[in-house]
Asker: 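The structure under discussion is supplied below as structure tokens; questions concerning it will follow.
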Amino acid sequence: MTRILITSALPYINGVKHLGTLVGSLLSADVFARFSRARGFETLAICATDEHGSTTELAAAEAGLAVRAFCDQQYRLQKAAGEGFGLSWDHFGRSSNQQNRELTQHFARQLWKNGNLEVRTTKQVYSNADKRFLSDRYVIGTCPYCGYERARGDQCENCTRVLDPADLIHPRSAISGSTDIEIRDSRHLFLKQSEFVPQLREWIASHANDWPSLVTSIANKWLDEGLQDRGITRDVEWGVPVPDDIGDGQLKGKVFYVWFDAPIEYIAATKEWADANAKGDAWRDWWYGDAAKDVTYYEFMGKDNVPFHTVGFPVTILGSGEPWKLVDRLKGFNWLNYDGGKFSTSEKRGVFMDSALEILPADYWRYYLMANAPEGSDSNFTWEHFQGVINKDLADVLGNFVNRVTKFCAARMDGKVPGEGAYGAEEQALCDELDRRVGAYTDYFAALEFRKALGELRAIWVAGNEYLTRAAPWTAIKTDPARAAVGVRMGLNLVHLFGHLAWPIMPMMARKIHEALQPAPEIIPWPSGKMSVFLDDLEAGQPIGTPDVLFAKIADEQVEEWKLRFGGGA
RNA sequence: GGCAGCGUAGCUCAGUGGUAGAGCAGGGGAAUCAUAAUCCCUUGGUCGGGGGUUCAAAUCCCUCCGCUGCUACCA
């Protein structure tokens, strides 16, 4: 029995995510998880908030809250937004939970024991006024190259040059503005990534055919440029503490780098799931040793996350010397841009998960985003394009099909599945076409080719409309009632099929479509077997409903209003 | 600066050596069951510019132009 383990890149706790993050990790993972469940595979979909690090500390301070309280609040918001989008996690955890603390410390101890960590002394900027170390980007000053006065210590935003905080002229704290800063020595743990290059290279090469070229290309770039060892501790408060038994107590008061503990939370969140459901050690069977041999592990993420999942986290696992599972299928996405520019939280530019749900149901977004997922290259959200896709694909091609068939049945067939007549050549030709198309749809889905999968889904809806035009029951009913009955019966069976095929993408709408005909199970199963059988499934005489308009069209005035509300739109 | 990716029809994108594709938009027609939705036909591209390899290049190589991202202490 194949089991499917799915993780989404963890959304950072700092605010509700925008549509780009949604499509690139949260939504794509959910769509695939539903597809797996629909096919009958035992599936575990895991996600969590990524909470640690200096960014959270500063965001909490800005919000006037204690860090823990800030995270509690943001966790609730993100969980609610995810649920509003129909994200069907088996568990949505938190990297700040006890399970992750224990597991992160466990991995660190294993790495230390195996000689894969070492203590090094680094120079860090310390702010006396803020009473804390400042990460490079929180030191600002004048760029020595271009004279820009608000250059950050890691990079000048004006001339894009990479900087060292020590390069800055008139350096000061970005937090308080204080110039009372100094450079201090600080000891840190470094993960000896460089020693794993041959192993990583071999592992990455073995996935040349089942990872997108985007992913292998980014991974190889890091190796080709000479993989450096990475500091995995930080001088901040909010994180997993480094245990005293590592580094002979030289790391007192330090915490692990957020990028060290965040991927470990994939495993820890699985333990949270087991703990919450009284499943004992079941979590290990998804991750560890022979028990997890039948698990295929899928990761979904934006391209910014790829290095940490192809280099950092694998080194953590390999270096532990324990048989934890490495990712099998890594799906990376490019950026979704907003109307030609970036989504920007600080500039309030673009659409965020909570506000998206205020204007339209989740399934509109789910369909649009997956149909236009940034797979091959960065892609661009515009309101006009969104309006066009929703109105044409969902309202006209799919929604109207369901509407015309069920309305006609109600008006002329007594609202029951008509049993007269038998399927003939026209129906067989349709079944042949749909056998091919449903097969292609399934294959694209399994290959994580979402754009192509949804293109095929749309073509299936079009095939339904084409059939109905040829069958023309509204004409046939005048001279040949049996033939009209065949057309309507097939039309209703197509509606049934559409409800099944759409479920992973649009779970709420798929349910509505399905329930126009008959009650729907919790998980609407993936169609299997020949279409000639599946499309002859409805019982003759079974009463059917006429659903309200499924997809309302988006009016031009709404587009104008949303452009104003969400900004950017020229 | 370095590295990577991209540049294909008005728009969004497929297509990695063998006679240029899809959807939308535009044009014409059919039908009238339906949210004036649907269906059929159709206009439209010297595949960013230039050079090269090849019997053959959107596809491989070089070069130029443009856009985007990354550059390891934001995540």
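From a predicted model like this one, the values you see are computed outputs, not experimental measurements. Proteins get letters first, then strands, A, B, ... in listed order; numbering begins at 1 in each.
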Asker: When all nucleic acid strands are considered with a 4.0 Å heavy-atom cut-off, which category describes Lys342(A): base, sugar-phosphate, or nothing?
Answerer: sugar-phosphate
Asker: Nearest-Å distance, CE (Met509(A)) to P (U35(B))?
Answerer: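 Distance check: Met509(A) CE to U35(B) P gives 17 Å.
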Asker: How is Trp259(A) classified with respect to the nucleic acid when contacts are heavy atoms under 4.0 Å: base, sugar-phosphate, or nothing?
Answerer: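 Base contact - Trp259(A) has a heavy atom under 4.0 Å of at least one base atom.
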Asker: At 4.0 Å (heavy atoms only), tell me whether Glu466(A) reaches a base, stays on the sugar-phosphate, or touches nothing.
Answerer: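 Touches sugar-phosphate only.
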Asker: Can you tell me how far C1' in U19(B) sits from the matching atom in G23(B), rounded to whole Å?
Answerer: 24 Å
Asker: Would you kindly say whether Tyr467(A) and Glu427(A) are connected by a side-chain donor-acceptor distance under 3.5 Å?
Answerer: yes
Asker: Work out how far the C1' atom of G21(B) is from that of U16(B), and round it to whole angstrom.
Answerer: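 Result for the C1' pair: 15 Å, nearest Å.
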Asker: Counting any heavy atom closer than 4.0 Å, what does Phe551(A) reach on the DNA or RNA strands: base, sugar-phosphate only, or nothing?
Answerer: base
Asker: May I ask you to say what Asp304(A) touches in the nucleic acid, namely base, sugar-phosphate or nothing, with a heavy-atom cut-off under 4.0 Å?
Answerer: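 Base: the residue Asp304(A), judged by heavy atoms under 4.0 Å, touches a nucleobase.
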Asker: Taking the nucleotide of RNA chain B with the nearest heavy atom to each, does Tyr257(A) or Asp229(A) sit closer to the 5' end?
Answerer: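 First, find each residue's nearest nucleotide; the 5'-ward one identifies Asp229(A).
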Asker: Would you classify Asp136(A) as touching base, sugar-phosphate or nothing, given that sugar-phosphate means primed atoms plus P, OP1 and OP2, and contacts are heavy atoms under 4.0 Å?
Answerer: base
Asker: To the side chain of Gln124(A), which of A37(B), C73(B), A4(B) is closest?
Answerer: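 That would be C73(B).
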Asker: Using the side-chain heavy atoms of Arg234(A), tell me which of these nucleotides is nearest: U38(B), A75(B), C73(B).
Answerer: C73(B)
Asker: Are Arg184(A) and Glu182(A) ion-paired here, with the side-chain N under 4.0 Å from a carboxylate O?
Answerer: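 Answer for the salt bridge query: yes.
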Asker: Would you classify Gly312(A) as touching base, sugar-phosphate or nothing, given that sugar-phosphate means primed atoms plus P, OP1 and OP2, and contacts are heavy atoms under 4.0 Å?
Answerer: nothing
Asker: Using the P atom as the reference point in each nucleotide, state the distance between G5(B) and G44(B) in Å, no decimals.
Answerer: 35 Å
Asker: Reckon Asn391(A) touches a base, only the sugar-phosphate, or nothing at all at heavy-atom distances under 4.0 Å?
Answerer: nothing
Asker: Would you say C39(B) has OP1 or OP2 under 4.0 Å from some side-chain N or O of Tyr467(A)?
Answerer: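 Tyr467(A) to C39(B) OP1/OP2: no side-chain N or O under 4.0 Å.
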Asker: Where the side chain of Arg404(A) is defined as all heavy atoms beyond and including C-beta, which of C33(B), C74(B), C39(B) is the nearest nucleotide?
Answerer: C33(B)
Asker: Scan Arg152(A) against the nucleic acid and name what it touches under 4.0 Å (heavy atoms): base, sugar-phosphate only, or nothing.
Answerer: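 It contacts nothing in the nucleic acid.
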Asker: Give a yes or no answer on whether the side chain of Asn493(A) reaches the backbone of Arg489(A) with a donor-acceptor pair at less than 3.5 Å.
Answerer: yes
Asker: Just how far, in rounded Å, is P of C33(B) from CG of Asn403(A)?
Answerer: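 It is 14 Å, rounded to the nearest whole Å.
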Asker: Using side-chain heavy atoms (C-beta onward) and a distance below 4.5 Å, is Lys254(A) in contact with Arg234(A)?
Answerer: no
Asker: Verify the contact: side-chain N or O of Lys407(A) to OP1 or OP2 of U35(B), cut-off strictly under 4.0 Å; return yes or no.
Answerer: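 Answer is yes, contact under 4.0 Å.
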Asker: Out of Phe551(A), Phe381(A), Trp383(A), Phe450(A), which one pairs with Tyr368(A) under the ring pair (Phe, Tyr, Trp, His ring centres under 6.0 Å) rule?
Answerer: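 Filter result, single survivor: Phe381(A).
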Asker: Heavy atoms under 4.0 Å, any strand shown: does Glu384(A) hit a base, just sugar-phosphate, or nothing?
Answerer: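 Touches nothing.
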Asker: On a whole-Å scale, what distance lies between the P atoms belonging to A58(B) and G1(B)?
Answerer: 31 Å
Asker: C70(B) C1' sits how many Å from Trp222(A) CH2, rounded?
Answerer: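 Roughly 9 Å, once rounded to whole Å.
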Asker: Could you check how far CZ of Arg230(A) sits from P of A72(B), rounded to whole Å?
Answerer: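 That distance rounds to 9 Å.
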Asker: Using atom names, set out every protein N or O paired with an N or O of nucleotides 22-26 of chain B below 3.5 Å, distance rounded to 0.1 Å.
Answerer:
| from | atom 1 | to | atom 2 | distance (Å) |
| --- | --- | --- | --- | --- |
| G23(B) | O3' | Arg458(A) | NH2 | 3.3 |
| C24(B) | OP1 | Arg458(A) | NH2 | 3.4 |

Asker: Nearest whole Å is fine: how far is C67(B) P from Asn380(A) CG?
Answerer: 16 Å
Asker: Measuring from the side chain of Trp474(A) (C-beta onward, heavy atoms only), which nucleotide among U32(B), A37(B), C73(B) has the closest atom?
Answerer: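 Minimum distance to the Trp474(A) side chain belongs to U32(B).
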Asker: How far does the C1' atom of C24(B) sit from the matching atom of A9(B), given to the nearest Å?
Answerer: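 Roughly 12 Å separates the two C1' atoms.
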Asker: Rounded to whole angstroms, how far apart are CG on Asn334(A) and C1' on G5(B)?
Answerer: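 Roughly 8 Å, once rounded to whole Å.
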Asker: Under 4.0 Å between any heavy atoms, over every strand shown, what does Gly376(A) touch: base, sugar-phosphate, or nothing? Just pick one.
Answerer: sugar-phosphate
Asker: Go through the side-chain N and O atoms of His188(A) and Tyr257(A) and say whether any donor and acceptor fall under 3.5 Å apart.
Answerer: no
Asker: Using a heavy-atom cut-off of 4.0 Å across all strands, would you classify Leu550(A) as base, sugar-phosphate, or nothing?
Answerer: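 It contacts base atoms.
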Asker: Between Arg120(A) and Glu118(A) (salt bridge meaning N to carboxylate O under 4.0 Å), is one present in this structure?
Answerer: yes
Asker: Under 4.0 Å from OP1 or OP2 of G15(B): is there any side-chain N or O of Lys452(A) that close?
Answerer: yes
Asker: Should C13(B) form a Watson-Crick or G-U wobble pair with both distances under 3.5 Å, which nucleotide is its partner?
Answerer: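 Partner of C13(B): G21(B).
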Asker: Are Trp365(A) and Phe386(A) an aromatic pair, judged by ring center distance below 6.0 Å?
Answerer: yes
Asker: Could you tell me how far G52(B) sits from A57(B) if I compare only their P atoms? Round to whole Å.
Answerer: 12 Å
Asker: When you measure from the centre of the six-membered ring of Phe333(A), is the NZ or CZ of Lys331(A) closer than 6.0 Å and no more than 45° off the axis?
Answerer: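 Yes; both conditions hold, so Lys331(A) lies above the ring face of Phe333(A).
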Asker: Looking at Arg437(A) and Glu433(A), is there a salt bridge between them, counting it only when a charged N and a carboxylate O are closer than 4.0 Å?
Answerer: yes
Asker: Would you measure the distance from the C1' atom in G26(B) across to the matching atom in C65(B) and give it in whole Å?
Answerer: 31 Å
Asker: Does any nucleotide pair with G26(B) by Watson-Crick or G-U wobble geometry, both distances under 3.5 Å, and what is it?
Answerer: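 Pairing partner: U42(B).
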Asker: When you check the gap from the basic side-chain N to the acidic O, do Asp185(A) and Lys123(A) get nearer than 4.0 Å?
Answerer: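 Here Asp185(A) pairs with Lys123(A) in a salt bridge, since their nearest N and O are under 4.0 Å apart.
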Asker: So does Asp396(A) reach the base of A37(B) with its side chain, donor to acceptor, closer than 3.5 Å?
Answerer: no
Asker: Thr55(A) and Glu57(A): side-chain donor and acceptor closer than 3.5 Å?
Answerer: no
Asker: Taking CZ from Phe308(A) and P from A75(B), how many angstroms apart are they, rounded to a whole number?
Answerer: 8 Å
Asker: Rounded to whole angstroms, how far apart are CD1 on Ile554(A) and P on U35(B)?
Answerer: 19 Å
Asker: Closest to the Thr469(A) side chain: U32(B), C39(B), A34(B)?
Answerer: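 Per side-chain heavy atoms of Thr469(A), the pick is C39(B).
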Asker: For G1(B), which nucleotide in any strand shown is its Watson-Crick or wobble partner with both distances under 3.5 Å?
Answerer: U71(B)
Asker: Could you work out the separation of C3(B) and A72(B) based on their P atoms and round it to a whole Å?
Answerer: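 Comparing P positions in C3(B) and A72(B) gives a spacing of 16 Å.
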Asker: At under 4.0 Å between heavy atoms, what does Val258(A) touch on the DNA or RNA strands: base, sugar-phosphate, or nothing?
Answerer: sugar-phosphate
Asker: Any strand counts, and the cut-off is 3.5 Å on both contacts for Watson-Crick or G-U wobble. Which nucleotide pairs with C6(B)?
Answerer: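 Partner of C6(B): G66(B).
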Asker: Partner lookup for U54(B), please. Criteria are Watson-Crick or G-U wobble with both distances under 3.5 angstrom; report none if nothing qualifies.
Answerer: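 Matched U54(B) with nothing under the 3.5 Å cut-off.
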Asker: Kindly confirm whether the side-chain ring of Phe408(A) is stacked on the base of C33(B), judged by centres under 5.5 Å and planes under 30°.
Answerer: no
Asker: Answer with base, sugar-phosphate or nothing: what part of the nucleic acid does Val462(A) contact at a heavy-atom distance below 4.0 Å?
Answerer: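 The answer is sugar-phosphate, as Val462(A) gets under 4.0 Å only of primed atoms, P, OP1 or OP2.
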Asker: Are any of Lys123(A)'s side-chain N or O atoms less than 4.0 Å away from OP1 or OP2 of C73(B)?
Answerer: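 Answer no for this pair, as no side-chain N or O of Lys123(A) is under 4.0 Å from OP1 or OP2.
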